[in-house]
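All values below were derived from every heavy atom in this structure, side-chain atoms included, with hydrogens, water molecules and symmetry-related copies excluded. Proteins come first, then strands; the chains are lettered A, B, ... in the order of their sequence lines, and each starts at number 1.
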Amino acid sequence: MDEPLIVVVLLLVAASATAAVAVRDPVHQALVLAVLGVALALLFTVLQAPDVGLSQLAVGSVLTPLLLMLSVHRVRRREKGRKGKAR
Amino acid sequence: MNGWILTATVGLGAGVGATVWGVATGPLRRRVVAQNMSSAVACPGLLLLSQGFGRPAYLDLALLLALLGPAGTLVFARLLADDLAADPPHARAVTLAAAGYGAVVVLVLCAVTGPGRTMAKLLVIGALLIGGNLVASRALSGGFAASRRG
Amino acid sequence: MTRGVRLIVLALGGAGLAALLVAACLDLPGFGGTWHPYGDRAVEASLSRRTANAIASVNFDQRAFDTLGEMSILFASVVGTVVLLRQTRDEKRGKPEPEEVALPVRRYALIVLPVAVLSGLYVIAHGQLSPGGGFQGGVVAATALHLLYLGADYRALERVRPVGLFEVGDALAASAYVVTGLAAVLAGTAFLANTLLPYGTFNTLASGGTVPLLNAAIGMEVACAAVVLLARFLDQAVEIEKENGER
């Protein structure tokens, strides 16, 4: 059967999810979440659920990192503006 | 458990496992390279799984990952242009190794499948995967001038 | 409560939860197996309506009403985001500037953008045949459009993306889904019943009755909703800034 494959991908998901929680900086978290998305899509594929895997790939590869990074960019820009005016 | 599934298990375990470690530790330049490599290594894995499970419908997953994986790396390359300009990543060896792995997998699968629509689809996926991988690496190491507005 | 006491409470609660989870997992039925009562009936219903993708049949035929609820969740959240991220009175909108991007990246974005949009439309159109469908294809198409921002700059994207048009398209597609359901009521059967159109030939594009139509409606709705959502985020991140006079 395919047990070793499922176990390997489950471990990958567990490792990347733990890393997503352990990392604190939002930019680093966005990077880890992108890798977690790929691992989850692989998990859904090896469990014979390609529709869900396709949804995960579609949303988690570009949309989620883009939303996170745009928010970080906005906050940084406002802080840079404040620092510039204070000086 | 046939040979395709075994190769996929080893490739995914080693490749994606290394990228999970690389994206969680180290300086920013290593993390973005690891994120880039995660989609470059997962896509050949999906191709092998599609062959191993005997389901050509799974090729659509590999196609979408080959299209959207490099786009995800471009997101980070553009919006982290300032941070990366200060400390650009140099990862030519890793990038070329991943591209080579992808090329080998696509060629082997083309040889097994034989001419037809599926082989054309495999070649398109391979071209998108390798081209996207190389362009995303180029974008990470200085493709975007540090910008004021974004 | 000091930090040490809080950690002890957390450890106790976590240990209790872990014990309950282990007890529950040991009592689960075996992984896999051959007894699938719901799955057998769902696949049989899907095949009787000649829909090759059983998931699409479950989503758009057997439980189409739930999909209507999911679509309205997406619609409502996009409306809420548009309201939250609108330009307020004390913010001004600057002009986006042209960016300097390396040539390989620009060329890659311009070549891959039409391929990605076509792939998204292909996934939507083949929802009743292969894995995919309206939601997946819609998100891919919307994301593909933003390759223009990722590979060039925001000014290029704004030229090809009239946001008002996409907002109208979102509302139109959501209404199209409801109207398709109401058509079944007008014909005398239940809301969203799949009895109006012929079921067609198995494993071809024209199969499954109303499943392709609902697929297309969801695909358009999700694509427009994702474009509007990203437009608001991009405006706030790239263009809008506070007026001078901020503290």
Side-chain angles (χ1 to χ4, degrees), chain A residues 1-10 14 17-18 21 26-27 30-31 33-34 37-38 40-87, chain C residues 31-32 39 53-59 70 74 81 85 91 94 116 119-120 123-124 126-128 130-147 149-150 154 219 222-223 225-227 229-247:
Chain A
M1 277 293 290
D2 300 325
E3 254 83 11
L5 177 64
I6 299 180
V7 167
V8 165
V9 181
L10 273 174
T18 314
V21 173
V27 170
L31 287 162
L33 283 174
V38 169
L40 277 176
L42 287 171
L43 178 66
F44 297 143
T45 311
V46 305
L47 290 176
Q48 311 294 340
D51 282 71
V52 189
L54 211 52
S55 301
Q56 174 62 49
L57 276 178
V59 169
S61 45
V62 180
L63 204 60
T64 308
L66 187 55
L67 291 177
L68 285 172
M69 291 307 300
L70 284 175
S71 312
V72 168
H73 189 78
R74 163 78 166 133
V75 169
R76 278 191 187 171
R77 200 158 61 92
R78 181 188 287 194
E79 282 176 0
K80 232 189 297 182
R82 268 204 204 132
K83 276 202 207 113
K85 283 192 198 81
R87 230 175 274 127
Chain C
F31 190 72
N53 186 3
I55 309 288
S57 174
V58 170
N59 271 337
E70 289 169 13
L74 178 61
T81 313
L85 294 180
E91 285 174 341
S119 300
V123 169
I124 298 178
H126 284 73
Q128 69 273 19
S130 57
F135 176 70
Q136 293 90 329
V139 176
V140 171
T143 309
L145 190 62
H146 286 85
L147 265 177
Y149 164 66
L150 294 175
Y154 194 44
V222 170
V227 169
L229 185 70
L230 281 175
R232 293 290 168 243
F233 267 84
L234 280 167
D235 279 346
Q236 277 287 340
V238 174
E239 280 193 342
I240 295 180
E241 46 191 28
K242 288 257 184 209
E243 289 276 345
N244 297 324
E246 186 209 357
R247 243 177 305 111

Counting only heavy atoms closer than 4.5 Å, note whether C:Asn59 contacts chain A via side chain, backbone, both or neither. neither
Leading residue by heavy atom contact count with chain A [cutoff under 4.5 Å; candidates C:Leu230, C:Val140, C:Thr143]: C:Leu230
Just verifying a value: how many Å separate A:Arg74 CZ and C:Leu234 CG, rounded to the nearest 0.5 Å? 12.5 Å
Is C:Phe135 close to chain A through its backbone or its side chain, or both, or neither, when contacts mean heavy atoms under 4.5 Å? side chain
Residue among A:Leu70, A:Val52, A:Leu57 with most heavy-atom pairs under 4.5 Å to chain C: A:Leu70
Would you give the length of the straight line joining atom CG of A:Leu66 to atom CG of C:Leu229, rounded to the nearest 0.5 angstrom? 9.5 Å
Chain C: which of A:Val62, A:Leu67, A:Val59 shares the most heavy-atom pairs with it under 4.5 Å? A:Leu67
Closest non-hydrogen atom pair between A:Arg77 and C:Ala237, with its separation: NE-O, 3.0 Å
